Amino acid sequence: MDATYILLGLGGLAGGFISGLTGFGTGLAAMPFWLLAAAPPVAAQLAAAAAVIGQIQTIRVIWPAVRWRNLGHFVIAGLIGVPIGTLLLPMVPADVFKLGVGIFLVGFCAFMLLARQTWLLTKRRFFGDVAIGFGGGVLGGLSGLPGPLPIAWASLHDWPRDEKRALFQVFNFAVLSAMLAASAVAGLMTSAVFIGMAIVVPGVLLGNHIGVIVYRRLDARRFDRIVLAILLLSGLGLIISNI
């Protein structure tokens, strides 16, 4: 079997598994595989489409926890940022993109590990929320990875767990759906993307199912460590491959 198909399938399985575990992170886990098998624009479209499929499966579970008063400005700012990221996507060289994603993954995981043990913000900061939402939108349009910024921001607040999960899922779903629409308008939804989706989707669905099963057997401490370890190793792999 062609190595490209194997990498696409493994990426879908890894992304689905992480999404099943956490409710987010499809692209974060899958991109290290997909960037080795496809051009950055194709990998970004696959990450967005796979994440949207995963969100559709679970968004009903967290819908009662959605509070638009708190989430609306995140989503609106993110949607504004999406077309900017989409315009930048064809301009980014493949090597630079891979290295950037790797550094981002390592930095994100290190931040999450440290932030959970330091301090929490007790007050909402509207302009901070808007800036994070906009940045997540730009990153979503550029790479199909809108989640890390809102996730890191939420980790610094003492918001209820259900509210955080609602932010992750609603924001990712809205931004990535917009990213796919913007990509279609920009002509980035090529035949390579649809062929890749045919390979990726089964892996995403299977991985998501396995992730949910494992999640139910993990305590909070092991859950956090496994997720961050997987993402950290993925980021390190991308950095090493570009040195």
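What you see is a predicted model; the values in this text were computed from it and never measured.
The CG atom of Leu79 lies 13.5 Å from the CZ atom of Phe74; values are rounded to the nearest 0.5 Å. Here the CE atom belonging to Met197 is positioned 3.5 Å from the CD1 atom belonging to Ile53, to the nearest 0.5 angstrom. Note that CD of Gln169 is 11.0 Å distant from CH2 of Trp63, once rounded to the nearest 0.5 Å. The distance from the CG atom of Leu167 to the CD1 atom of Ile132 is 10.5 Å, given to the nearest 0.5 Å. Rounded to the nearest 0.5 Å, atoms CG (Asp129) and CG (Leu71) are 9.5 Å apart. Between atom OG1 of residue Thr26 and atom CD1 of residue Ile18 there is a gap of 9.0 Å, rounded to the nearest 0.5 Å.
Residues Ile6 and Val42 share a hydrophobic cluster, clusters being chains of Ile/Leu/Val/Met/Phe/Trp/Tyr side chains in contact below 4.5 Å. Grouping the Ile, Leu, Val, Met, Phe, Trp and Tyr side chains by contacts below 4.5 angstrom, directly or via other members, places Leu205 with Ile56. Connection of Trp153 to Val130 is not established within any shared hydrophobic cluster, with ILVMFWY side chains joined at heavy-atom distances below 4.5 Å, either directly or through further cluster members. Taken together through direct or relayed side-chain contacts under 4.5 Å among Ile, Leu, Val, Met, Phe, Trp and Tyr, Leu36 and Tyr5 form part of one hydrophobic cluster. One hydrophobic cluster holds both Leu46 and Phe194 under the rule that ILVMFWY side chains link at heavy-atom gaps under 4.5 Å.
Summarising the geometry of Ala50 relative to Val200, their closest heavy-atom pair is CB-CG1, 4.2 Å, with the distance given to 0.1 Å. Contact between Ala14 and Phe33 at its shortest, heavy atoms only, is CB-CE1, 3.9 Å. Between Leu7 and Ala37, the closest heavy-atom pair is CB-CB, 3.7 Å. Nearest heavy-atom pair, Met91 versus Leu87, reported as atom, atom and distance to 0.1 Å: CE-O, 3.3 Å. Taking both residues in full, the closest heavy atoms of Ala47 and Met31 are given as CB-SD, 3.9 Å, listed atom of the first, atom of the second, then distance. Of all heavy-atom pairs between Leu149 and Gly135, the closest is CD1-C, 3.5 Å.
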Yes or no on side-chain contact (heavy atoms from CB on, under 4.5 Å) for Phe168 and Phe173, after CA distance, side-chain angles and deciding distance?
CA-CA 8 Å; Phe168 304 158; Phe173 180 81; over 6 Å; no
side-chain contact (heavy atoms from CB on, under 4.5 Å), that's the test. Do Ile213 and Ile210 meet it? Break it down for me.
CA-CA 5 Å; Ile213 294 174; Ile210 297 173; 5.6 Å; no
Test log, rule side-chain contact (heavy atoms from CB on, under 4.5 Å), inputs Leu206 and Phe17
CA-CA 8 Å; Leu206 176 60; Phe17 178 71; over 6 Å; no
Determine, stepwise, if the pair Val75 / Val170 fulfils side-chain contact (heavy atoms from CB on, under 4.5 Å).
CA-CA 8 Å; Val75 174; Val170 171; 4.0 Å; yes
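The shortest distance between side-chain heavy atoms of Val214 and Leu21 falls below 4.5 Å. The shortest distance between side-chain heavy atoms of Leu139 and Pro146 does not fall below 4.5 Å. For the pair Gln45 and Met179, the minimum side-chain heavy-atom distance is below 4.5 Å. The shortest side-chain heavy-atom distance between Val52 and Asn172 does not fall under the 4.5 Å cut-off.
Panel note: side chain Thr86, backbone Val82; a donor-acceptor pair is recorded below 3.5 Å. Using a distance-only test at 3.5 Å, with no hydrogens or angles considered, a donor-acceptor pair links the side chain of Trp34 to the main chain of Leu8.
Ring geometry, His73 versus Phe126: the interplanar angle falls from 30° to 60°, so the pair is classed tilted.
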